[in-house]
Amino acid sequence: MGKYEFSAVESKWQKYWEVNKTFEASNKSEKPKFYALVEFPYPSGFGMHVGHIKAYSGLEVVSRKKRLQGYNVMFPIGFDAYGLPTENTAIKTGVHPRKVTDNNIIKFTSQLKRVGFSFDWSRVIDTTDEEYYKWTQWIFLKMFEKGLVFRDKTLVNYCPSCKVVLSNEDSQGGKCDVCHSDITHKTKEVWYLRITEYSDKLLEGLKDVDYLPNIKLQQENWIGKSTGAFVDFTIKENGEKLRIYTTRPDTLYGVTFMVIAPEHPVIEKYRDSIKNIDELDAYRKECSKKSEFERTQLVKDKTGVKIDGFTGINPVTGKEIPIYISDYVMMGYGTGAIMAVPAHDSRDYDFAKKFGIDIVQVIKGGDISKEAYTGDGEMINSDVLNGIDNKKDAIEKMLEVIKEKNCGEKGIQYKMKDWAFNRQRYWGEPIPIVHCPECGIVPVPYDELPLRLPPVDNFEPGSDGESPLAKIDEFVNCKCPKCGHDAKRETDTMPQWAGSSWYFLRYCDPKNTKEFASKEALEYWLPVDWYNGGMEHVTRHMIYSRFWHKFLYDIGEVPVSEPYAKRTAQGLILGPDGQKMSKTLGNVVDPNDVVDVYGADVLRVYVLFMGDYEQSAPWSENSVKGCKRFLDRVWGLQDMLVDGDDYRESFRSAFHKTIKKVSEDIDSLKFNTAIASLMALINDIYASGSITRGELRTFITLLNPFAPHITEEIYEQQNFGGVLNEQKWCEYSEELCNDDKIEIVVQVNGKVKSKMMIDTNQDKDSVIADALADSKIKELLDGKNIIKQIYVPNKLVNFVAK
RNA sequence: GCCGAAGUGGCGGAAUGGCAGACGCAGCAGACUCAAAAUCUGCCGUGAGCAAUCACGUACGGGUUCAAGUCCCGUCUUCGGCACCA
């Protein structure tokens, strides 16, 4: 065998797979189905980096193995192409976003094909294709029909740099998800999707799916369910009921003041009777100017103003207490009003200390002269609750009291907020809504979909946060679909997450022009058997798409309630410097460069071998060379071939063990140890100097999912018959994984002192006898008492001696 | 602050409570070569020793066990998520 010419071989097989439609999945098959899904890329102008390759390589290997195991595998790919970066490129270069997107998709496609991924290219989708976004709009209208779409004028997250309103999911940590600028707040009327209606379903659904534990936990925390009580306090001066939410109704006797959010409507309602209204207004104005960042920086330093003219009455104790406004209470959670229990809540404690308010302890424990006590303990100073010694019982008792007094009830709250569903930008799906002066908000009729994005030359957003579409009269001016009156179109577009919220459904039937996918296709493929992607999408795309899917399930459009049966996440590839790869740091590795120099198989093996698939690890060019060496040695196996379709005696257990190891490791994402076991095996083969044809065939079959090109080529060169990707995965027998003889260790007092060969499954007594006969052990035990003998079959013998 | 994950050679990382460091990289020595690259062989946690070997060693301090990287308690550090969520 000559040198392995990876470049020619790789393009040869890639062409073969393309011509023969090798990886196109059929919607009808005798075989069991397997739907493997990876997050489709956003086609940016920078092309892919090796992180994308790692993200796809995991399920790529799983898919190839599943096919060999006789499954009808669908492993699709597509492009999530609407979004700001493309639009910004268009603004900068003057090239239309359609053109930019098309170019980027061509670039991404060629990169993906060069790596030899077994994607089903007949199912490619592009979210900006009108045959696709037609259905994105269709689902939106279905939601509108069911009352899940609404407009509201409230305080929204706003990115001053991107000039768009952002959802809560898009502004995590107070930073814009796209450009990382600080978020500000402003009052604006925008579209919302009522995702909170699905809070409980999204939480409950997690019980039935196989997601990594940390993924479930992050979603649970994001949804943020808490149970507690709503309690109506009264404002003495005007009799107004002021409703609060608390998770600690057991501490109701410790309430010494109340706090309401600066935006609470009760202030406007009674502003004439508030004596220090000027002071309140000044404080409220100051709060609205603070950025998210400033607010979080000032956590310890509480600010606020006492409302002069309001006195709160505790409905349970009848006690009169002051009411403050402070920005540590937010309008967006609970009722925007709280009962403050400084003895047992650290925020209330800080506030009380600063404003000199009484602190009344109602739970025994801690030292409330120093800090709030948030632990459990016996109730004190609490009338009927006194003596109860745990939180759970105390809460129960208080809920009864509240019920008796008819001043509130048990309540549930979620941290998740409704989804601000809008972008004041051009490159997105137009929202199919018409504003009619007669009829109000009117949906575009289904048969008029898609509502096309008009071709324009100027995509600059307006400085006042207006969408570029607002400037296009032909688009804006229309007739009301209901009454025919002159009307205006909605000019906001959908956020970037819209198209990706249902793309996995379209893959099932991507060319359908009548439905987003046929019932038969959905019935056949759903749910996605295994979905892999990034951790950064767990509280964004994953939440959104589960919501859309559950909605479609509720209206009978999809057959299963959860879209993804299993979800895993890969770790990042860091730059060679150990930093996160980024253009500004200049440490981005382009997969094309690696393929040029080492070949696609090397790249594929390396990204999976570099470490634990779920952990981040830095790129190392030297380690890439190690993988290259490995594959060259695989090629070299052909020079040491001997006849024989079976495993040789001396290698039988090694092969069975390796088949078992590789099979199990692929299924549990442990690609690094799967490859390591193949490396260990090849080392042994080289040491022996020869390999049988049968052994070679097994070896290249096991390696095929990782390195499909070189293994196909060897398979062909050796005339094994047919092509490797149509063969069967290797079988192993548990029994044959064991050698006849096995080495065990002999310990004295827990320390290894000797090793010996025994027959596999040799009986206990004879093993111990052999161990005692060992000259070294004999010497060590001489003159000592054996107190205990421990025997672990096929592992060790341990003598405890004095 | 709360929640979660993790701390193992020079590096990436292996180890159902049972030989710590598999596999790979880097390094050192040798072979081949006029030479280099490539390739091949050997060594490669620390300390002592010519050696066989011995002692120590999985962030730190305790504990359980015949046996602990692995289990329990406490401490520290790093990373990730949430963050005034009442």
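By convention in this document, chain letters (A, B, ...) are assigned in the order of the sequence lines, proteins followed by strands, and residues within each chain are numbered from 1. Note that the coordinates shown come from a computational prediction; the quantities given were computed from them, not determined experimentally.
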Query raised in the report: What about A:Lys788, does its side chain sit under 3.5 Å from the base of B:C66 through a donor-acceptor pair?
Result: no

Report task. Would you mind pulling out the nucleotide paired to B:C79, Watson-Crick or G-U wobble, both distances under 3.5 Å? Result -> B:G4

Query - Crowding at NZ, A:Lys391 (>12 non-hydrogen neighbours, <6.0 Å) - result: no

Query raised in the report: What does nucleotides 10-18 of chain B look like as a protein-contact string, B for base, S for sugar-phosphate only, - for none, at under 4.0 angstrom between heavy atoms?
Result: --BSSSB-B

Query raised in the report: Is A:Lys660 salt-bridged to A:Glu734, cutoff N-O under 4.0 Å?
Result: yes

Requested in this report: Evaluate the side-chain proximity of A:Trp635 to A:Ile710: yes if any heavy-atom separation is below 4.5 Å, no if none is.
Outcome: yes

Requested in this report: In whole angstrom, give me the gap between the C1' atoms of B:U70 and B:A6.
Outcome: 14 Å

Requested in this report: Determine the Euclidean distance between corresponding P atoms of B:G17 and B:A68; express it in Å to zero decimal places.
Outcome: 14 Å

Query - Side-chain ion pair, A:Arg540 and A:Asp177, N-O less than 4.0 Å - result: yes

Report task. Quick one: look up who B:G42 pairs with, Watson-Crick or G-U, both distances under 3.5 Å, and put none if it's unpaired. Result -> B:C28

Query raised in the report: According to the interplanar angle, ranging from 0 to 90°, do the rings of A:Trp419 and A:Tyr544 count as parallel (below 30°), tilted (30 to 60°) or perpendicular (above 60°)?
Result: parallel

Query - P atoms of B:G24 and B:U41, separation to the nearest Å - result: 11 Å

Requested in this report: Sort out the partner of B:A68 for me: Watson-Crick or G-U wobble, both distances under 3.5 Å, none otherwise.
Outcome: none

Query raised in the report: Rounded to whole angstrom units, what separation is found between the NZ atom of A:Lys751 and the P atom of B:U53?
Result: 16 Å

Report task. Output yes when A:Asp367 and A:Lys370 qualify as a salt bridge under the 4.0 Å nitrogen-oxygen rule, no when they do not. Result -> yes

